[in-house]
Each structure stands twice: as structure tokens, then as C-alpha cells.
Amino acid sequence: MEAVEILLRGDTLIFPTETVYGLGARFDHDQALRSVFEAKGRPADNPLILHVADASWVEEIADDISPRAHELMKMFWPGPLSLVLKKKDRVSHLISAGLPSVAVRCPSHPLARRLLQEVGVPVAAPSANPSGRPSPTREIDVLEMVGKVGGILLGGDCEVGLESTVLDLSGERALVLRPGAVTTEELKEFLPEVERYTGDPEKAPSPGLRYRHYAPDASVIVLRGSERAIRSFIVSSPKTSCFLLPFEWDLPFDQTRIIAFVPESDLEAAASQFYALLRDADKAGMKEIYVVEFPPEGIGEALTDRVWRASGGRVKTLEDA
Ligand code: TXA
Ligand code: MG
């Protein structure tokens with residue numbers, strides 16, 4: 001596979017995973033790692049996740065791997081769970097951004113797995129978006145990076161559509177730093193003491209939490225109110241406003257507006273489309289994207305988190321007339 005050669009020679013490669021597309025570089029090539037930060041415009045203090053073909057590779061990059069870490073790998077790998085562990089010295093400070101830890105994940109996407117097996121070394125890969133933008137989940141999204149990277153391996157749409165769960169096991173407390181498709185509830189079954197990190201983003205143990213994230217050009221605004229109030233708000237809003245609303249709502253379809261209906265009963269579908277909808281709204285010249293809140297159950301936990309971060313905390317509350 002040409003894609004393997006690109007990574008082996010120390011170039012950068014965009015490749016599909018089950019969560020979002022990643023921008024990869026071999027872990028032991030500082031120049032390739034620097035190119036990743038450069039192509040994304042990523043701050044150097046935000047560390048990268050190392051991708052491995054199977055759990056046996058973790059011994060090469062992490063130390064003090066606890067029995068509970070081994071158990072989680074057995075249960076959830078390959079899949080959308082990144083574990084933060086104590087790093088070994090051979091993991092470049094470029095990857096860990098100076099932290100004593102490293103995040104590791106084993107993706108389940110067949111192309112990612114084959115790629116990692118053939119490359120034979122861990123691959124550092126952040127999401128393949130310019131820093132701060134929504135992560136790419138479709139072929140058309142990564143094609144925007146042509147010219148900035150060594151190559152692009154296309155693999156269709158990403159199934160999950162939101163980035164992996166990041167679970168920090170490197171400290172005394174087991175902390176979910178970023179919710180994802182492996183939910184906090186699921187983790188609790190194996191790790192009853194696990195908690196969601198809810199502290200001050202400025203002091204966040206995950207540097208990525210400090211930055212505004214996943215945001216399109218348009219303003220994302222969380223919309224609260226009854227169906228009735230929201231209906232009249234839509235009718236009176238400018239044509240440059242669009243809405244992400246549950247499919248099940250009984251709304252008269254206003255043809256003059258772009259309205260994305262997301263099935264509330266199928267949160268997996270809503271999650272997999274979320275970033276694509278943000279990107280498409282930008283392309284359609286929308287100025288505001290109003291998003292109703294989703295139930296925070298299952299993948300809804302991660303979806304709520306991403307909606308919240310994309311909005312930067314902006315909320316519009318509608319009173320009933
Ligand atoms: O699903 C995913 O995880 C995707 C695909 C490509 O695998 N990758 C991804 O990487 O989302 P990135 O770089 O966009 O997000 C990694 C997140 C950031 O918030 C970063 O701060 C955090 O993981 N992280 C990485 N290493 C860490 C560490 N040692 N300690 C704490 N947080 C860490
Ligand atoms: Mg990212």
C-alpha cells in the first residue's frame with residue numbers, strides 16, 4: 001500500500017478511523033510530527049494520541065500499565081476509547097507536549113488496522129481538521145487538506161462521527177477527559193470509580209479542553225424552548241439562520257429555510273451527522289446554527305459535549321408567548 005510507504009518515509013498521511021479522519025505521522029520521526037502540528041496549525045502544548053494495531057504494542061510506549069487498563073483494552077479495543085497512561089521515555093515530547101503521560105488508542109476501522117499493522121510502529125494522529133474546526137468525517141472534508149499533507153487514504157464516511165472517549169488512568173482518579181462513543185455509564189461497569197472531568201477548563205488535565213473547539217464559521221447557538229416557541233422563532237428568523245431539530249417534532253416545514261432534522265430517537269445517527277451538518281451549514285453561507293439539546297444518554301453525552309463546545313456556551317432561551 002502506497003499509504004504505508006508515505007508514513008514509513010516520514011511523511012504525513014490522512015487516514016480513516018471509525019470516529020473521525022486522523023492526520024498521522026510515525027511516532028519516532030520528529031520531523032513528521034512537527035509537520036502534523038504545522039498542517040493543523042495546532043498549538044504545541046496540545047498532545048497527540050498514539051494509534052496502535054493491538055494491545056501488545058502498548059508495552060512499548062507506556063509504563064505502569066495497571067490490571068484495570070489491561071481489562072479496559074480487552075473489553076473496548078479495537079474501538080473508540082483512548083487511554084491516558086504513564087509514558088515511556090522513547091515517546092517524543094512532541095507527542096506528549098511535555099506531559100509525563102501518553103494517550104493510546106486502537107482503532108477498529110479495517111483500513112486503519114491494516115495500515116497500522118503494515119507500518120509496524122505506533123502512529124500519532126490528531127483529527128485531520130485545521131485546529132479549532134469541526135473534525136472531518138467524510139471524504140469531501142479531508143480533500144480540503146490536499147497540499148498540506150503527504151497523502152490521503154480515503155475510506156468513506158466515519159461511522160461514529162465524534163472523536164474517541166479519552167480516559168485518564170495516569171493519576172489517582174480515573175477521569176473521562178472527553179466523552180465519546182464508549183460512554184461513562186459503560187465504563188462504570190468495569191471501573192465503578194470513574195468520573196467525568198468537570199473542572200475548570202483552564203486547568204484541564206487534557207490540554208485540548210482549553211481551546212474552543214469543533215466550531216464552524218457560523219455561530220452555533222443552543223436553542224431552548226417549547227416546540228411552539230421554537231416554531232414561531234424559525235418563522236421570524238432571517239434566511240441565514242438554520243436549525244438542527246429532532247425529526248419527531250411536529251414542525252411545519254418552511255421551504256425557505258434550511259432545516260436539518262436529526263432523529264432524536266436515533267442519537268447515533270445524529271452524532272454521526274453533526275460535524276458534517278456544521279460544515280455544510282458554513283458552505284451554504286449560514287450565519288447562525290441553532291441546535292436543540294439532545295438527551296445526554298449513550299452517545300448523547302458526547303454529542304451534548306460537542307454541541308456545547310461548538311457554541312462556546314451561547315444559549316438562546318425562548319419564552320412562550
Ligand atoms: O477519535 C479520535 O481520538 C481521533 C482519531 C483520529 O483517532 N483523534 C483525535 O485526536 O481526536 P485529537 O488530537 O484531535 O484529540 C486528542 C485529545 C485532545 O483533547 C488532547 O488534549 C487529548 O486527547 N490528549 C492527548 N494526549 C493526552 C495526554 N497525554 N493527557 C491528556 N489528554 C491528552
Ligand atoms: Mg481534534
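First listed ligand is number 1; within each ligand, the first listed atom is number 1.
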| remark: The complete set of side chain to side chain donor-acceptor pair (under 3.5 Å) pairs with one or both residues in residues 145-155, sequence neighbours excluded, reads none
If you measure every N/O of [X] against every N/O of ligand 1, is any gap under 3.5 Å?
| X | answer |
| --- | --- |
| S164 | yes |
| S127 | yes |
| T19 | yes |
| R178 | yes |

Close approach, [X] and ligand 1, non-hydrogen under 4.0 angstrom:
| X | result |
| --- | --- |
| H51 | yes |
| N46 | yes |
| S96 | no |

| request: Assign the ring pair H51 / F15 to parallel, tilted or perpendicular, where the plane angle (0 to 90°) is split at 30° and 60°. | output: perpendicular
| query | Just wondering, are more than 12 heavy atoms of other shown residues or ligands nearer than 6.0 Å to CG in L154? | reply | yes
Answer with side chain, backbone, both or neither: which part of [X] has a heavy atom less than 4.0 angstrom from an atom of ligand 1?
| X | value |
| --- | --- |
| D168 | neither |
| A125 | backbone |
| R42 | side chain |

| field | D141 vs Y21 side-chain heavy atoms within contact, under 4.5 Å | value | no
| said: Could you tell me if the side chain of S82 sits less than 4.5 Å from the side chain of E163, heavy atoms only? | reply: no
| Metal site the Mg ion (ligand 2): N/O/S of N129 inside 2.8 Å | no
| message | For atom 16 (C) of ligand 1, tell me which residue out of I49, V84, V36 has the closest non-hydrogen atom. | response | I49
| note | Heavy-atom proximity to atom 26 (N) of ligand 1, picking from G98, P47, C158, points to P47
| task | Taking side-chain hydrogen bond (donor to acceptor under 3.5 Å, both in side chains) as the test, write out the residues that go with E195, two or more places apart. | result | R173
